[in-house]
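These figures come from a predicted structure and were not determined experimentally. A, B, ... follow the sequence lines: proteins, then strands. Residue 1 opens every chain.
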Number of protein chains: 2
Amino acid sequence: MRETKQRRIILEELKKHMDHPGADELYHEVRKVLPRISLGTVYRNLDLLSECGVIRKLEYGSGQKRFDPNPQPHCHFRCVKCGSVKDLPFEIEVPEPDKNHPWLKTRKILGANLEYYGLCTECMAGEH
Amino acid sequence: MRETKQRRIILEELKKHMDHPGADELYHEVRKVLPRISLGTVYRNLDLLSECGVIRKLEYGSGQKRFDPNPQPHCHFRCVKCGSVKDLPFEIEVPEPDKNHPWLKTRKILGANLEYYGLCTECMAGEH
DNA sequence: CTGAATGCAAAGCCTTTGCATACGG
DNA sequence: CCGTATGCAAAGGCTTTGCATTCAG
């Protein structure tokens, strides 16, 4: 993959995030560094980087897709109220289905997504 | 909730599905019974029914949202190639995080989504 | 009757794409 | 140099929404 200024900055900015921003949010931050970058470029790079396994595209929950600088499989916690997404700060083992189950004879499992949802700290405080 | 012909037919048609159709697919099937129903009505009803817990809205994986006539928590298998979604035909227990973990003192977990992905029977056969 | 539900069409949000230009290796 | 990457803007899915009308209770 060719290294361009845009690609580098996008990755840098993404890595600053503990939460997992959507393309649009990231676009606005990258724009502070590269004011002429286009939203299309951000999308194209995020897609490329996730296809190459450098980052991870989170497609579950909520409407908007989010991006995670950590491509290793790990679980997330999504707030059902404000939509924020964070890593779980502890390990959770995703259960392995029994490979000998007849149903899996004609299918292939490549991986799993496990997401917990609930109320984040801010939204819990805001509840009555 | 008021019972309308549209609402009843939408639910009936959804229940016929073993897979989990998107709103658009369901709309076309309902139209065979109620030719004048609108796509907006289908969306509004699917949203209402899932808010009431009668059905379940699947938001993870792929772009389009899908709807499951079974509101009970259970796992799905999504084909990364054709996008089809099916129930897993066996039980899988979602791991419970340790409720005493300090991180959870200020948050509340309401549930979890566990989705496996891979290649379905048809797409496995089509691979080289 | 009265508020909730519908059909229709327009608008909305997020994402992708076509094309001419710029640039990295 | 060549082919990939970019900026720009337009188009594309899918979903939501405003509004006048219809319908269920």
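In this structure, B:Lys105 places its NZ atom where more than 12 heavy-atom neighbours from other residues, nucleotides or ligands lie under 6.0 Å away.
As a whole-Å value, the separation of B:Arg66 CZ from D:dC14 C1' is 13 Å. At whole-Å resolution of the value, CD in B:Glu59 and P in C:dC13 are 18 Å apart. To the nearest angstrom, C1' of C:dT6 lies 15 Å from CE of B:Met1. Rounded to an integer number of Å, the gap from B:Lys5 NZ to C:dG7 P is 10 Å. D:dC23 atom C1' lies 14 Å from atom CZ of B:Arg8, rounded to whole Å. Taking atom CD of B:Gln64 as the reference point, atom C1' of C:dC13 lies 16 Å away to the nearest angstrom.
DNA chain D is contacted by both A:Thr4 and B:Arg2; A:Thr4 maps to the nucleotide lying nearer its 5′ end (nearest heavy atom per residue). Place A:Phe67 and B:Arg7 on DNA chain C by their nearest nucleotides, and B:Arg7 ends up nearer the 5' end.
Annotation: side chain of A:His17 is in contact with side chain of A:Glu29 (closest heavy-atom distance under 4.5 Å).
In this model, the phosphate group of C:dC23 is not approached by any side-chain N or O of A:Gln6 to a distance below 4.0 Å at OP1 or OP2.
The distance between the ring centers of A:His76 and A:Tyr116 does not fall below 6.0 angstrom.
Judged purely by atom type and a 3.5 angstrom limit, A:Arg66 uses its side chain to pair as donor or acceptor with the backbone of A:His20. Distance alone, capped at 3.5 Å, is enough to place a donor-acceptor pair between the B:Ser50 side chain and the B:Leu46 backbone. Under a 3.5 Å cut-off, the side chain of A:His74 and the backbone N or O of A:Gln72 do form a donor-acceptor pair.
Within residues 47-56 of chain A, no residue approaches DNA chain D, by heavy-atom distance under 4.0 Å. Less than 4.0 Å separates DNA chain D from at least one heavy atom of each of the following residues of residues 23-46 of chain A: A:Arg36, A:Ile37, A:Ser38, A:Thr41, A:Arg44, A:Asn45.
A:Trp103 and B:Phe77 have perpendicular rings, their planes meeting at more than 60° on a 0 to 90° scale where under 30° would count as parallel.
Both B:Met1 and B:Ile10 are members of a single hydrophobic cluster when ILVMFWY side chains are connected at heavy-atom separations under 4.5 Å.
Here the shortest heavy-atom pairing between B:Ala112 and A:Leu114 reads CB-CD1, 4.2 Å.
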